[in-house]
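Worksheet: one structure, shown below.
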There are 2 protein chains.
Amino acid sequence: MADSTIIQRCEAKGLRMTDQRRIVARVIGAADDHPDVEELYARASAVDPKISLATVYRTVKLFEEAGILERLEFGDGRARYEDAERDHHDHLIDVTTGQVIEFIDQEIEDLQEKIAARLGYKLIGHRLELLAVPVAKPSKT
Amino acid sequence: MADSTIIQRCEAKGLRMTDQRRIVARVIGAADDHPDVEELYARASAVDPKISLATVYRTVKLFEEAGILERLEFGDGRARYEDAERDHHDHLIDVTTGQVIEFIDQEIEDLQEKIAARLGYKLIGHRLELLAVPVAKPSKT
DNA sequence: GTATCTGCAAAATCTTTGCACGATA
DNA sequence: TATCGTGCAAAGATTTTGCAGATAC
């Protein structure tokens, strides 16, 4: 399932697929960053200049409610989106550059389940962002 | 320092203290939840009906930039604030009720440092929210 | 063919800001 | 008293929505 495309998952869920939705789906599927809606709109406009910002908003909301996309918030007041079926990962934000690094750590995942259980809850999701600064100088020119 | 009031910390930082800022400081200091700005404005208005929403916004931003308050985002599009000097903790959100439970787990804190270090970073902060559902029925009527 | 989607523009929501007046140190 | 803060209303930024025409199934 991790190798199914967003479009395939939309069809599997019975969503009506329009040209605009396919474009948004492909744009997000091709992204390896965390675009906000304005950025998705820009990338979608490159494919179809007639697409509207409202449609992009409606589409990401639809996909999110269908569990196809995940909405992220990095604290700058704009929602960002990524493919929910990509392997789960968390984010480390380099506060000196704004760069976002993805990581996964099974120990943290397990620990979170344990903490929720201790509080009488069953974990269904989480948001984890580490804010950090580089230890060594980045390998910049 | 954890037992100093917000007002004391403002004075220590040389912030000019007005009646309005004192009111906002006391309202947040007295809160044991995570009020958004509109809610802070309501609570402050109960003390001084002439205070303006703009002043509350300016004050929480000022306090946040001074490191006195922490800005939280729970994904509903509104910023929330809490006293940054309260003992550090993370949040578990009961998605069935929206209730927010605070917790602290040293293992998770240590693990986060380790992960950042492994990626070549020094951790300076983090955001962690667990989304969960109750295991047993809540003790409701 | 009918229900749903799109584009546009207006509106809703949250937050910031210019300006004249008022308060702080 | 000089500087900085406040209140108000207007403006900004992001997101949502009403409506008429267009499209998917």
Side-chain angles (χ1 to χ4, degrees), chain A residues 6-28 34-66 68-81, chain B residues 6-28 34-66 68-81:
Chain A
I6 293 175
I7 293 176
Q8 288 167 339
R9 276 176 276 140
C10 287
E11 288 167 345
K13 301 229 173 193
L15 298 184
R16 180 181 289 199
M17 289 313 283
T18 63
D19 289 347
Q20 292 90 336
R21 289 181 180 176
R22 265 185 282 266
I23 290 170
V24 172
R26 272 194 283 120
V27 162
I28 295 178
H34 305 89
D36 60 30
V37 178
E38 203 68 48
E39 178 61 28
L40 291 175
Y41 173 55
R43 297 182 192 177
S45 295
V47 182
D48 171 12
K50 300 170 297 313
I51 200 169
S52 76
L53 182 57
T55 293
V56 179
Y57 269 106
R58 281 189 275 235
T59 301
V60 292
K61 178 181 246 193
L62 176 78
F63 288 0
E64 193 214 343
E65 285 166 353
I68 290 166
L69 297 185
E70 192 166 336
R71 181 203 296 251
L72 309 172
E73 300 198 26
F74 290 158
D76 56 4
R78 276 161 293 158
R80 295 157 180 279
Y81 290 88
Chain B
I6 292 175
I7 293 176
Q8 288 167 339
R9 277 177 275 141
C10 289
E11 288 167 345
K13 301 228 174 194
L15 298 184
R16 180 183 288 201
M17 289 314 282
T18 63
D19 290 348
Q20 292 90 337
R21 289 182 181 176
R22 266 186 280 267
I23 290 170
V24 172
R26 272 193 282 119
V27 161
I28 295 178
H34 306 89
D36 59 30
V37 178
E38 203 67 48
E39 178 62 29
L40 290 174
Y41 173 55
R43 297 181 193 178
S45 295
V47 181
D48 172 10
K50 300 169 297 311
I51 200 169
S52 77
L53 182 58
T55 292
V56 179
Y57 269 106
R58 281 189 276 234
T59 301
V60 292
K61 177 180 246 196
L62 176 79
F63 288 0
E64 193 213 344
E65 285 166 353
I68 290 165
L69 297 185
E70 192 167 336
R71 182 204 295 253
L72 309 173
E73 300 198 27
F74 290 157
D76 56 3
R78 276 161 293 160
R80 296 157 180 279
Y81 291 88

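First the proteins, then the strands, lettered A, B, ... as listed; each starts at 1. Not measured: the values here are computed from a predicted model.
Taking each heavy atom of B/Tyr41 and B/Ser52 in turn, the nearest pair found is CE1-C, 3.7 Å. Contact detail for B/Ala66 and B/Lys13: the closest heavy-atom pair is O-NZ, 2.8 Å. Of all non-hydrogen atoms in A/Val60 and A/Tyr57, the two that sit nearest each other are CG2-O, 3.3 Å.
An OP1 or OP2 oxygen of C/dC8 is reached within less than 4.0 angstrom by no side-chain nitrogen or oxygen of A/Ser52. Contact annotation: B/Gln20 side-chain N/O to C/dA23 OP1/OP2 distance is not under 4.0 Å.
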Polar-atom pairs under 3.5 Å, protein N or O versus N or O of nucleotides 21-25 of chain D: list them with distances, or write none.
from, atom 1, to, atom 2, distance (Å)
D/dA24, N3, A/Arg16, NH1, 3.4
D/dC25, OP1, A/Met17, N, 3.2

Set out, line by line, the N/O atom pairs under 3.5 Å between protein and nucleotides 13-17 of chain C.
from, atom 1, to, atom 2, distance (Å)
C/dT15, OP1, B/Ala79, N, 3.0
C/dT15, OP2, B/Tyr57, OH, 2.6
C/dT15, O5', B/Tyr57, OH, 3.3
C/dT16, OP1, B/Lys61, NZ, 3.3

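For the pair B/Glu65 CD and D/dG5 P, the interatomic distance rounds to 12 Å; values are reported in whole Å. Between the CD1 atom of B/Ile7 and the P atom of C/dT24 there is a distance of 14 Å, rounded to whole Å. Distance CD1 (A/Ile51) to C1' (C/dT6): 9 Å, rounded to an integer number of Å. The nearest whole Å value for the distance from the CD atom in B/Glu11 to the C1' atom in C/dA25 is 12 Å. Taking atom CG on A/Leu62 and atom P on C/dC5, their separation rounds to 7 Å, with Å as the unit. Between the P atom of D/dT15 and the CD atom of B/Glu73 lies a distance of 11 Å, rounded to the nearest Å. Straight-line distance from the CG atom of A/Asp48 to the P atom of C/dC5: 17 Å, rounded to whole Å.
Side-chain contact between A/Ile7 and A/Glu11 is present, with at least one heavy-atom pair separated by less than 4.5 Å. Counting only heavy atoms from C-beta outward, the side chains of A/Val24 and A/Thr55 never approach each other to under 4.5 Å. With contacts defined as side-chain heavy-atom distances shorter than 4.5 Å, the pair A/Tyr81/A/His34 does not qualify.
Contacts of A/Glu39 classified as salt bridge (Lys or Arg N to Asp or Glu O under 4.0 Å), with partners at least two apart in sequence or in another chain: A/Arg43. Listed by chain and number, the residues in a salt bridge (Lys or Arg N to Asp or Glu O under 4.0 Å) with A/Glu38 amount to none (sequence neighbours excluded). Here A/Asp48 pairs with A/Ile23, A/Lys50, A/Ile51 under the side chain to side chain contact (heavy atoms under 4.5 Å, CB included) rule; sequence neighbours left out.
In the helix from C/dG1-D/dC25 to C/dA25-D/dT1, the end axes, each obtained as the rotation axis mapping the C1' atoms of four pairs onto the next four within a five-pair block, lie 40° apart to the nearest 10 degrees.
In this structure, the side chain of A/Arg21 engages the main chain of A/Arg16 through a donor-acceptor pair within 3.5 Å. Remark: side-chain polar atoms of A/Arg22 are paired, donor with acceptor, to backbone N or O of A/Met17 under 3.5 angstrom.
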